[in-house]
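Input: a single structure, listed below in structure tokens.
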Amino acid sequence: IITLCHRSRRVPRGPMLAINMDARYFPGIRRKSGYKQKYDKVLADVPCSGDGTSRKNKNVWNEWSIPQAMSLHKLQRKILRRGLELLRPGGLIVYSTCSLNPLEN
């Protein structure tokens, strides 16, 4: 998250909010007018099995297993669902993993 914040300074953009927390429970922010805050863009960098990093991390295949990879799918869906709830109509969501597993992507 620190790298993201540092790099975002170099690019002209509107206001940005970067938070490191459990995305399933990201709090809704109420505006004074009563409606919940929606965002133009949401980045969902979800936890994954990491099998896409095998080129630089040779140990990933020793630790990788089908049950372990499948166990993350439910969590990933919850994070994606929350990201979609926070997105304004017509907004953009980026779903990011470092996995080659089609179920995770």
Quiz item: In chain order, what residues pass the side chain to side chain contact (heavy atoms under 4.5 Å, CB included) check against Ile79, with sequence neighbours excluded?
Solution: Ala23, Arg24, Ala44, Val46, Pro47, Leu75
Quiz prompt | From Glu85 atom CD to Leu80 atom CG, the distance as rounded to the nearest 0.5 Å | solution = 10.0 Å
Practice problem: Quick one: pull up SG in Cys48 and NE2 in His73 and give me the separation to the nearest 0.5 Å. | Solution: 14.0 Å
Exercise. Give the minimum heavy-atom separation between Ser96 and Leu43, together with the two atoms involved.
Key: CB-CD1, 4.4 Å
Exercise. Mind listing the closest non-hydrogen atom pair of Leu92 and Leu87 along with its distance?
Key: O-CD1, 3.4 Å
Self-check item: Nearest atoms (heavy-atom pairs only) where Arg82 meets Phe26
Solution: NH2-O, 2.6 Å
Exercise. First locate atom CD of Gln76, then atom CZ of Arg81, and finally report the distance between them rounded to the nearest 0.5 Å.
Key: 12.5 Å
Exercise. Following the transitive rule for hydrophobic clusters with a side-chain heavy-atom cut-off under 4.5 Å over Ile, Leu, Val, Met, Phe, Trp and Tyr, establish whether Met21 and Ile93 coincide in one cluster.
Key: yes
Quiz item: Do other residues, nucleotides or ligands put more than 12 heavy atoms under 6.0 Å from the CZ atom of Arg77?
Solution: no
